[in-house]
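Throughout, a chain's letter reflects where its sequence line sits, starting with A, and its residues are numbered from 1. Reckoned from all heavy atoms, side chains included, excluding hydrogens, waters and symmetry mates.
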Number of protein chains: 2
Amino acid sequence: MSAMILVVEDEPAIRELVVLNLQQAGHRPMVADSAEQALALVRESLPDMILLDWMLPGMSGVELARRLKADSRTRGVPIIMLTARGDEQDKITGLETGADDYITKPFSPREMNARIKAVLRRRAPQMAGDAVEVTGLRLDPATHRVTGNDRPIELGPTEFRLLHFLMAHPERVYSRAQLLDQVWGNHVFVEDRTVDVHIRRLRCALEVTGHDGLVQTVRGSGYRLSVHPEG
Amino acid sequence: MSAMILVVEDEPAIRELVVLNLQQAGHRPMVADSAEQALALVRESLPDMILLDWMLPGMSGVELARRLKADSRTRGVPIIMLTARGDEQDKITGLETGADDYITKPFSPREMNARIKAVLRRRAPQMAGDAVEVTGLRLDPATHRVTGNDRPIELGPTEFRLLHFLMAHPERVYSRAQLLDQVWGNHVFVEDRTVDVHIRRLRCALEVTGHDGLVQTVRGSGYRLSVHPEG
DNA sequence: GATTTTTTGTCATCAAACTGTCATAATGGC
DNA sequence: GCCATTATGACAGTTTGATGACAAAAAATC
């Protein structure tokens, strides 16, 4: 479970606390101490999640959330609000602006981790770090192991990530561009056709346990991982 | 799970209660009735965890926590705050000073144990102090001794800690950064590649009993200790 | 307090693995 | 059969990890 998480918090003490805890949990934190800086960072590279302080100097956290949810590029990024008090009205407003969850200060690191994991599981399953299994094909991010009917399968790093993503979102077609965004990263410049090659390498590797049929081509659209026979 | 836990609490009744409960749970409690005495004790020997009363005569618990977190030697020791009431402001300040969790009095022994266990598991599972063994490779923290099939194995301090951590978390991949955090300490500034070198030294040492295969490389991700054959 | 002995972090180098791209063959739809 | 799309094999460049050497730092010894 290694997600890039942007922490937007102006108070240095709390910020450091959160960052430390995130690192402990194996995430890669980025920090911003204002909404403006956060926007700039997000423009550079899209994080997997944003922890957002309710109260910020300058542009408030609510306003920032609103903007992020208004932009199609950033809309999908889950947001967890950090709020000082458990004010019901705040909570309502927060959820209205599109926050995915809500943590009331003071929060224990355990609570924070639990909520982060829950949101990740909901919004970006491959980030949650759970093992996934489909008809005997099993991929465990924690041990970084792939097995087909309990026989080990060798995968390169890219094929691993690709399979991980596909298994986390089965029965759904993804275009090459989407796969490039999700598996390679949304900033790299790679030829579309490169996906074909990695799909082939993946199929090759899965062939030894007969699981290569799971990776299906959808002509004109992209690829899909499905348990249903092709066609 | 047997950890050395320092209890800092001025009220004798509560202190005894806590100590009793800790012993019941198999831990080894040390006690201090003031922050000053706590500091002296910590100077002697580093506990695995500190239960710290919020209100203390003389130097307060908050101040003590702050000092402990400021010192690189003691920074890694998890702190659980004992607070009298669920005072919101107290909790905020507590977390700011770097407490890992807090327990609100009055607390049930079960709650206390649960939180202690959780924090220990999260922060320093290898602190549990029990000997670990994997397919004939045995590491005993108490005697600081490593054997492979009952034949002694010589390890440098860093290699020992590294192996200890890996054996306490088998079958799981850790990035170099994570290993640096966990084994070196999350405050040191060391080159990532240094991990490679120590992994190699560790493997070299384990080679004499044929246990070097346990330490596996996961290309692009990090290292893993596993009983399953590589790849 | 000086001198060995260990331990540690860093580098340069080498081998192996991985990656992206292309040219070409194969395939499916019409 | 023709066209668009995908599969495949080969390849060169790049990245990554292993390894041996080395000097600084720390610890132990005298």
What is the distance from [atom1] of [X] to [atom2] of [N], rounded to the nearest Å?
{"X": "B/Glu159", "N": "C/dT6", "atom1": "CD", "atom2": "C1'", "answer": "11 Å"}
{"X": "B/Leu155", "N": "C/dT8", "atom1": "CG", "atom2": "P", "answer": "10 Å"}
{"X": "A/Leu162", "N": "C/dG20", "atom1": "CG", "atom2": "P", "answer": "11 Å"}
{"X": "A/Arg203", "N": "D/dT6", "atom1": "CZ", "atom2": "C1'", "answer": "9 Å"}
{"X": "A/Ile199", "N": "C/dT19", "atom1": "CD1", "atom2": "C1'", "answer": "15 Å"}
{"X": "A/Asp212", "N": "D/dA7", "atom1": "CG", "atom2": "P", "answer": "12 Å"}
{"X": "B/Arg193", "N": "C/dT13", "atom1": "CZ", "atom2": "P", "answer": "16 Å"}
{"X": "A/His198", "N": "D/dT8", "atom1": "NE2", "atom2": "C1'", "answer": "14 Å"}

Counting only side-chain N and O atoms of [X], is one of them less than 4.0 Å from OP1 or OP2 of [N]?
{"X": "A/Arg176", "N": "D/dT6", "answer": "yes"}
{"X": "B/Thr217", "N": "D/dG17", "answer": "no"}
{"X": "A/Trp184", "N": "C/dG20", "answer": "yes"}
{"X": "A/Tyr223", "N": "D/dT5", "answer": "no"}
{"X": "B/Thr194", "N": "C/dT10", "answer": "yes"}

* **Closest-nucleotide ordering on DNA chain C, the 5'-leading residue of B/Val197 and A/Asp192** => B/Val197

* 5' precedence on DNA chain D between B/Arg219 and B/Arg200 (nearest-nucleotide basis) -> B/Arg219

* Show your working on salt bridge (charged side-chain N to carboxylate O under 4.0 Å, His left out) between B/Asp196 and B/Arg176 and close with a plain yes or no. => CA-CA 8 Å; B/Asp196 298 28; B/Arg176 295 178 173 72; 2.6 Å; yes

* To do: Quick one: sort the B/His198 and B/Trp184 rings into parallel, tilted or perpendicular, breaks at 30° and 60°.
  => perpendicular

* **Aromatic ring pairing B/Phe160/B/His144, orientation class (parallel under 30°, perpendicular over 60°, tilted between)** => parallel

* From B/Met4 CE over to B/Leu6 CG, what is the distance, rounded to the nearest 0.5 angstrom? -> 10.0 Å

* Asked: From A/His27 NE2 over to A/Leu51 CG, what is the distance, rounded to the nearest 0.5 angstrom?
  -> 9.0 Å

* Donor-acceptor pair under 3.5 Å: do we get one between A/Arg201's side chain and the base of C/dG20? -> yes

